[in-house]
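Worksheet: the structure to be examined is printed underneath.
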Amino acid sequence: MIRTTALFQLPRPGLNWFPVWRRNFLVWRKLAIPSILGNLADPLIYMLGLGYGLGNMLPEVSGVKYVSFLSAGTVVASTMNAATFEALYSSFSRMHVQKTWDAILNTPLSLDHVLAGELVWAASKSLLSGLAILVVIGALGLTQSPLALWAIPVIFLTGLTFAAMGLIVCSLAPSYDFFMYYFTLFITPMLLVSGIFFPADQLPAAVHAVASWLPLAHAVQLARPLLLGEVPSNIFGHVGALTLIALVAFYVASVLTRKRLLK
Amino acid sequence: MATINDKNSHALDVSGLRKSYDGNEVVAGISFTATPGTCFGLLGPNGAGKTTTLRCCLGLTAPDAGDIRLGGFDVPEAAEEARRRVGVVPQFDNLDPDFTVTENLVVYGRYFGLADTEIRSRVGDLLDFAGLKGKEKARIQTLSGGMKRRLTLARALVNNPDIVFLDEPTTGLDPQARHLIWDRLKQLTARGKTLILTTHFMDEAERLCDRLAILDHGRLITEGAPRDLIAAHIEPQVVEVFGDDVAAWARHHQGLGERLEVAGDTAFFYCRDSDPLLHALAGETGLRYMHRAATLEDVFIKLTGRELRD
């Protein structure tokens with residue numbers, strides 16, 4: 001009986017997850033420069049290449065130049081990628097390959113602390129990624145409104161949501177190869193239907209209806225108006241959806257990881 | 001009041017512990033206690049339930065039944081509190097490969113809620129103890145296997161624990177490295193720390209453990225001080241005879257020992273008085289033999305059998 005209740009109880013990380021976050025931060029600090037450059041280069045190449053190259057052939061998209069339209073999409077997409085990579089590959093390597101989590105579980109910290117530390121860490125790293133893009137967008141003059149600063153909490157929330165979902169995948173993974181399914185079956189299709197590269201209402205109505213439920217769609221519908229200097233419509237709906245997905249995903253990840261490690 | 005004191009006088013108190021996986025009972029009702037300042041050994045073949053027992057004691061696996069008290073706390077209910085006073089040397093090294101030696105200790109100390117200044121003030125002593133002085137800034141990849149093990153031991157002491165769990169601490173080490181670990185573990189019990197040790201090495205258990213329990217198939221089959229177990233279970237003299245056709249020779253001379261076991265090309269004679277057997281062997285030219293005192297390994301083999309466990 002003990003076992004069943006412990007397995008399904010709500011995570012209670014308190015604030016003791018901070019040493020776990022700090023451990024990951026210390027590792028990252030040693031490799032910070034290449035890590036930031038790596039996170040920045042890829043999305044910027046896409047944004048500038050597509051934005052100016054493809055954009056020059058296009059009329060305005062949703063009332064703005066294509067590169068401006070694409071910039072908000074690039075911010076949330078690279079946030080999603082950074083959080084997902086961290087929660088998949090890096091967390092998996094700490095959990096399964098290096099057994100860092102096992103070492104931590106022998107201290108007064110519990111799995112709840114470990115997972116919360118990993119969640120906030122992945123979100124923090126994705127925040128840096130998103131911020132770096134945001135700074136470049138500002139420097140290029142693609143966004144000029146102070147409202148764009150509100151994109152920062154949106155980036156962090158997006159990071160939390162994708163980190164939590166990533167931790168579910170991590171808890172199920174037998175090896176690194178497993179993550180390919182998540183990318184090809186979920187992340188990549190979502191990237192194409194959530195309004196990152198083109199307005200989602202270009203999609204067939206049925207696809208659009210389904211796509212508007214996806215977390216990336218909520219994120220982009222918050223970030224794009226903010227970067228264009230507008231207040232997003234339905235703020236509470238989008239923030240609420242992202243928060244709810246993050247909470248549910250983190251709970252599911254907690255249960256699955258307990259099943260895997262505390263058996 | 002008396003009962004509370006009694007309970008607290010044990011570093012680790014396990015009673016009626018049971019744990020099954022998919023209907024397969026891995027730990028089938030075991031009980032033991034470890035007294036503070038002593039080394040308690042858990043011995044058993046692979047799959048005997050040692051690791052599961054340790055995991056239950058640390059609150060990493062919830063038992064199906066039984067009571068565990070560790071350092072005065074109920075486990076798993078108050079496992080996090082209990083682990084504050086515990087250090088663990090796991091079976092496989094899980095040091096942080098991205099960190100230096102000192103960083104490994106500092107980061108680990110933070111998991112116990114210790115302040116950096118406090119941890120750093122201990123690093124010198126810990127590295128001295130582990131024979132790693134001068135390696136403060138070394139990266140983990142540059143350490144030998146023995147050094148990594150010693151660093152893992154130092155890491156387990158970062159919170160100045162009362163109780164240290166060691167899961168096969170010398171597996172894979174060369175004899176020099178193993179002797180150094182043994183010496184350090186003896187120093188720890190001399191300082192009043194309680195050690196809970198699992199091992200495959202009977203000489204290690206015989207040297208280090210004040211008391212030990214032998215587990216097999218999830219059950220505790222015997223418990224006691226190593227010397228007492230040898231005296232209780234085994235004749236004091238052992239003669240191992242090797243050579244071609246030793247089996248036939250041994251069966252013919254079976255009466256010269258209290259007990260005879262043949263395994264491959266070796267015959268084990270367990271005797272109270274080995275003189276008649278040694279006399280008979282003196283005349284044999286085709287056989288070699290070794291005469292020795294009975295050890296814990298003989299007890300272990302007698303109680304758990306000779307067949308391989310995987």
Side-chain angles (χ1 to χ4, degrees), chain A residues 1-9 11-32 34-35 90-91 93-118 121 255 257-263, chain B residues 19-22 26 52 54-66 73-100 103-104 106-114 116 139-140 152 155-156 158-159 161 164-165 167:
Chain A
M1 286 320 282
I2 301 168
R3 198 177 157 201
T4 329
T5 44
L7 183 61
F8 291 106
Q9 81 187 4
R12 289 175 300 185
L15 287 175
N16 278 345
W17 53 264
F18 186 60
V20 179
W21 184 93
R22 223 172 146 195
R23 180 234 164 253
N24 293 346
F25 176 71
L26 182 58
V27 177
W28 175 82
R29 224 177 51 184
K30 296 181 174 231
L31 307 159
S35 165
S90 306
S91 294
S93 116
R94 292 188 282 266
M95 170 181 78
H96 187 74
V97 184
Q98 291 177 201
K99 307 278 181 196
T100 311
W101 295 9
D102 286 350
I104 300 174
L105 293 175
N106 286 329
T107 73
L109 301 189
S110 70
L111 192 55
D112 287 359
H113 303 129
V114 173
L115 284 172
E118 291 285 335
W121 168 248
V255 173
T257 314
R258 284 173 196 154
K259 254 188 148 151
R260 176 172 184 145
L261 295 183
L262 302 183
K263 57 182 197 293
Chain B
K19 179 73 186 176
S20 302
Y21 292 113
D22 307 322
V26 179
T52 303
L54 287 194
R55 287 181 61 82
C56 288
C57 291
L58 289 168
L60 301 176
T61 292
D64 298 334
F73 293 96
D74 286 320
V75 174
E77 294 78 8
E80 291 172 27
E81 274 307 304
R83 290 201 299 266
R84 229 164 251 297
R85 306 179 48 189
V86 167
V88 179
V89 177
Q91 192 173 339
F92 302 104
D93 281 321
N94 51 25
L95 294 163
D96 247 313
D98 299 301
F99 293 151
T100 65
E103 284 169 341
N104 259 284
V106 171
V107 168
Y108 207 71
R110 287 175 185 161
Y111 301 144
F112 289 87
L114 301 174
D116 283 16
R139 296 184 66 86
I140 298 308
T152 305
R155 190 183 69 172
V158 76
N159 58 324
V164 184
F165 285 78
D167 196 359

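As the structure is a prediction and not an experimental result, all values here were calculated from the model. Below, read A as the first sequence line, B as the second, and so on, with proteins coming before strands; counting in each chain starts at 1.
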Just checking A:Arg12: does its CZ atom have more than 12 heavy atoms from other residues, nucleotides or ligands closer to it than 6.0 angstrom? no
Kindly compute the distance separating NZ (B:Lys19) from NZ (A:Lys263), expressed to the nearest 0.5 Å. 10.5 Å
Side-chain donor or acceptor of B:Arg83 paired with backbone N/O of A:Leu105 under 3.5 Å: yes
So for B:Glu81, is it side chain, backbone, both, or neither that comes closer than 4.5 Å to the heavy atoms of chain A? neither
Region of A:Leu31 in contact with chain B, defined by heavy-atom distances below 4.5 Å: neither
Less than 4.5 Å to any heavy atom of chain A: does that hold for the side chain of B:Leu58, its backbone, both, or neither? side chain
Run the side-chain contact (heavy atoms from CB on, under 4.5 Å) check on B:Asp98 and A:Gln98 step by step: do they pass? CA-CA 10 Å; B:Asp98 299 301; A:Gln98 291 177 201; 4.1 Å; yes
Would you compute the distance between atom CZ of B:Arg110 and atom CD1 of A:Ile104 and round it to the nearest 0.5 angstrom? 12.0 Å
Top of B:Val88, B:Val86, B:Asn159, B:Thr52 for chain A proximity - count of heavy-atom pairs under 4.5 angstrom: B:Val88
Supply the atom-to-atom distance B:Arg155 CZ to A:Thr107 OG1, rounded to the nearest 0.5 angstrom. 9.5 Å
Please flag which part of B:Arg85 lies under 4.5 Å from any non-hydrogen atom of chain A: side chain, backbone, both or neither. neither
Could you go through the side-chain contact (heavy atoms from CB on, under 4.5 Å) check for A:Asn106 and B:Leu60 one step at a time? CA-CA 8 Å; A:Asn106 286 329; B:Leu60 301 176; 3.5 Å; yes
Between B:Phe165, B:Tyr108, B:Phe92, which residue shows the highest count of heavy-atom pairs closer than 4.5 Å to chain A? B:Tyr108
Distance from B:Glu80 atom CD to A:Leu109 atom CG, nearest 0.5 Å? 8.0 Å
The test is side-chain contact (heavy atoms from CB on, under 4.5 Å); show your working for A:Lys30 and B:Phe99 and say whether it passes. CA-CA 9 Å; A:Lys30 296 181 174 231; B:Phe99 293 151; 4.1 Å; yes
Reported CG-to-CZ distance for the pair B:Asn94 and A:Arg94, which is rounded to 0.5 angstrom: 14.5 Å
Output yes when a side-chain donor or acceptor of B:Tyr111 lies under 3.5 Å from a complementary backbone atom of A:Ala103, and no otherwise. no
